[in-house]
Number of protein chains: 2
Amino acid sequence: MSRLNQFRNRLSRVERVTLQTIADRIGVSRTTVSNAFSRPDQLKEELRQRIMEVAEELDYPGPNPAARTLRRGRAGVIGVVFTEALSYAFADSYAVGFLRGLARVAEQSGTGLHLIGWPSPGVAEEVIGDAVVDGFCLFSPEGHPLVETVLRRRLPVVTVDHPYVPGVPFVGIEDRLAAREVATYLLGLGHRRIAIVAARPMAAQPIVARPRMIQDPADWLDVDLSEEHRFGAGRARLAGYHDACLEEGLAWEDVPLHRTTNDREIARRAAGQLLDLRPRPTAVIAATDEIAFGVMDVAAQRGIDIPGELSVVGFDDVPAAEPAGLTTVRQPITAKGTTAGRLLLEPSRHDPAPCVLMDHHLVIRRSTAPPP
Amino acid sequence: MSRLNQFRNRLSRVERVTLQTIADRIGVSRTTVSNAFSRPDQLKEELRQRIMEVAEELDYPGPNPAARTLRRGRAGVIGVVFTEALSYAFADSYAVGFLRGLARVAEQSGTGLHLIGWPSPGVAEEVIGDAVVDGFCLFSPEGHPLVETVLRRRLPVVTVDHPYVPGVPFVGIEDRLAAREVATYLLGLGHRRIAIVAARPMAAQPIVARPRMIQDPADWLDVDLSEEHRFGAGRARLAGYHDACLEEGLAWEDVPLHRTTNDREIARRAAGQLLDLRPRPTAVIAATDEIAFGVMDVAAQRGIDIPGELSVVGFDDVPAAEPAGLTTVRQPITAKGTTAGRLLLEPSRHDPAPCVLMDHHLVIRRSTAPPP
DNA sequence: GAGTGGTTCTGAATCGATAAAGAAGCCAAG
DNA sequence: CTTGGCTTCTTTATCGATTCAGAACCACTC
């Protein structure tokens, strides 16, 4: 046993090429070989060349990144955490747009991106604990247990969209206000039978509220939403819709409300149910564009004319919204990404954690009109 | 100096909590604390609890991932390398679709995804050298210098689309054949004035051929394309178009050919020039859907009717192709991702490197018709 | 000839964990 | 009684690099 192991060790020692292997071969110190790779100015060009030659000869794959990271204490990578499966995130134009922006600043500073999704409970927790990164970007993780997991790493963090965690830099828009504008606009057109399709995270297990994460001064809900709505991704938006109804005297109880995941396909089902209601709603407010597309799909399928018989509003203004003629709330998707990236990469430690609220505005297109 | 340093060291030693800190505090060995985190079954539940308590108390962020990775020799992450800036990759439905598939299998096995782009020469090289990963997926890196950089790491690699590198697992489709079908179809409709818009990588520096990377038996070009086309991303597709023209007796010299990056916006410029030709082409073959959209944009802008006055064909069948009515080549985008992922994560080392060729077929929609 | 200042290279001390083998204690079976 | 086997923990030896202080040498200057 022991002998076998020694043999194995010897073997692997022979097979594995490290800085030391090269150093021994040439007769210089390990440090010098290290310098040849990382600080070429620290040794004579002649020796450096010789080292490189031997490295090539021994098929040395370059300084081991894990060892380097351990010693340097810096990974050059930031983690981006989604609370859904990554395969869903990549299907969501909003998430992809955000990543675009984030990637732009990350790349410029030679920083890598480590994407982490939440395919099922437990997996991501481990991945987050094992991620060799210098910081995390939490993408719209409202109320999700992963927030705790990430915070525990004690690395720099920036949260996007929700929730606002005291002490953690934040990037978002005034969701509640924007949502109110949407509802107010529809009410202003004369709609009274309005249905709402809200987004909920695709969590596969019930989402538990953590006291420290819901102290969000901007979005705190003083309205009485059912418990299941209090911590979904669309909480603030729901509150905004509620605000408008209150203001315009539309009873919140009369507003049909469905929840669906942020997925066109899945949203169709919810839309189907809403359009089955009698009397049929004259307008549907979707908490995201993706959901709005699902609603439009079903309407088209049933021959319901938009906007003649049904108005539809989305949220986000993803690229596909314009060709589809969807009235929606435009928000600077990509800019959110760049901002988040800068917040994470900037060397200066802001003392009061910055809370960046970006602009938004209602973009009116062909999908809305006064009720029939 | 020395004293200052000692001070600093002492300070950081005090501030930094490691397994040892916890071990000392409780009076057990470091290994036991390590086990408390990584192999809970190796110690008494009682002690484990106590360790966890102290860890909490000291605000221990968990075992350091870099150290862990170094010792274990396994990162649990795969690198995905693009030869364009990541911000472009995220704008490209094809790339995003691929990532979707890749993410699906990666997530299932608890593997993280480290995305690496090529924003400008030099940056990515360093990121690749420093990436703490167990393998790389090269996304359509034909002829790109990054291929060498990645191979040098001596880690498992899988190449997607191009090039086929001997000894490296490969996933792709029969591009040349598919491209030929496209051109044959248009020629069959009666088109003789056909223009081609090819894709080229967004490399910011000239792409150098490496002998070991172009020995691709399936795609080797025996046709005489100008040098600049020999190693672009669309090399095989160009060859296919060429094949068809040859077969149908259309002189290749008479086929106007433009190169553009795979970006709708940028493709518009190339399209503009092609549609200025007199006599105007009756059909445009775009090497990707994204480019095809650019062509359609310009046509719409100039009031050129599709397909009445102009037929347009794309390649890839990205999600937006269907609503746009674009005739194109469908290929299993997401399945490519899952296949690539499996090839990379599968424990078995296939001896002859697997070379997976996936299905494709021509999808005929509203954008093509016989010439006027 | 002592002092000054640069290069170029070395040695020792880490970075923070895990693997492998071994020791101590305990219980049941032979 | 002792052998074997299990559980629970410890010891020792790495994993592969980088940092930092200092040595050796060279050239110049005053």
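In what follows, chains carry the letters A, B, and so on, assigned in the order in which the sequence lines appear, proteins first and then strands, with residues in each chain numbered from 1.
Nearest heavy atoms, A/Gly79 versus A/Val133: N-CG1, 3.7 Å. Nearest heavy-atom pair, B/Pro119 versus B/Ala85, reported as atom, atom and distance to 0.1 Å: CA-CB, 4.0 Å.
Counting any heavy atom pair closer than 4.0 Å across all strands shown, B/Arg39 reaches sugar-phosphate atoms only and no base atom. A/Ser38 comes within contact range of the sugar-phosphate backbone alone, with a heavy-atom separation under 4.0 Å but no base atom that close.
Nucleotide C/dG16 holds its P atom 7 Å from the CG atom of A/Leu70, rounded to whole Å. Counting to the nearest Å, the C1' atom of C/dA17 and the CD atom of B/Gln20 are 11 Å from each other. Regarding B/Arg16, its CZ atom lies at a distance of 12 Å from the C1' atom of C/dT14, rounded to whole Å. A straight line from CG of B/Leu19 to P of D/dT14 spans 20 Å, rounded to a whole angstrom. Between the CZ atom of B/Arg71 and the C1' atom of D/dC15 there is a distance of 5 Å, rounded to whole Å. The separation between B/Arg74 atom CZ and C/dA19 atom P is 12 Å, rounded to whole Å.
Applying the ring-ring contact (aromatic ring centres under 6.0 Å, His included) test to residues at least two apart or on different chains, the pairs with a partner in residues 23-46 of chain B are B/Phe37-B/Tyr60. Residue pairs meeting the salt bridge (Lys or Arg N to Asp or Glu O under 4.0 Å) criterion with at least one partner in residues 21-35 of chain B, sequence neighbours excluded, are B/Arg25-B/Glu57. Within the structure, salt bridge (Lys or Arg N to Asp or Glu O under 4.0 Å) contacts touching residues 68-78 of chain A (residues at least two apart or in different chains) are A/Arg68-B/Asp130, A/Arg72-B/Asp130.
Residue B/His114 holds its NE2 atom at 4.0 Å from CD1 of B/Ile116, rounded to the nearest 0.5 Å. From B/Leu344, atom CG reaches atom CG of B/Asp134 across 9.0 Å, with rounding to the nearest 0.5 Å.
Not a single donor-acceptor contact under 3.5 angstrom links the side-chain atoms of A/Arg72 to the base of D/dT19.
In this structure the side chain of A/Val158 never reaches within 4.5 angstrom of the side chain of A/Val168, judged on heavy atoms.
With sequence neighbours left out, the salt bridge (charged side-chain N to carboxylate O under 4.0 Å, His left out) criterion links B/Glu45 to B/Arg48.
Scanning residues 59-68 of chain A for heavy-atom distances under 4.0 Å to DNA chain C yields an empty list.
Contact annotation: B/Thr18 reaches the phosphate of C/dA17 (side-chain N/O to OP1 or OP2, under 4.0 Å).
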Dump every N/O contact between nucleotides 8-10 of chain C and the protein below 3.5 Å, one line per pair.
| unit_1 | atom_1 | unit_2 | atom_2 | d |
| --- | --- | --- | --- | --- |
| C/dC9 | OP2 | A/Lys44 | N | 2.9 |
| C/dT10 | OP2 | A/Ser29 | N | 2.8 |
| C/dT10 | OP2 | A/Ser29 | OG | 3.1 |
| C/dT10 | OP2 | A/Thr32 | OG1 | 2.6 |

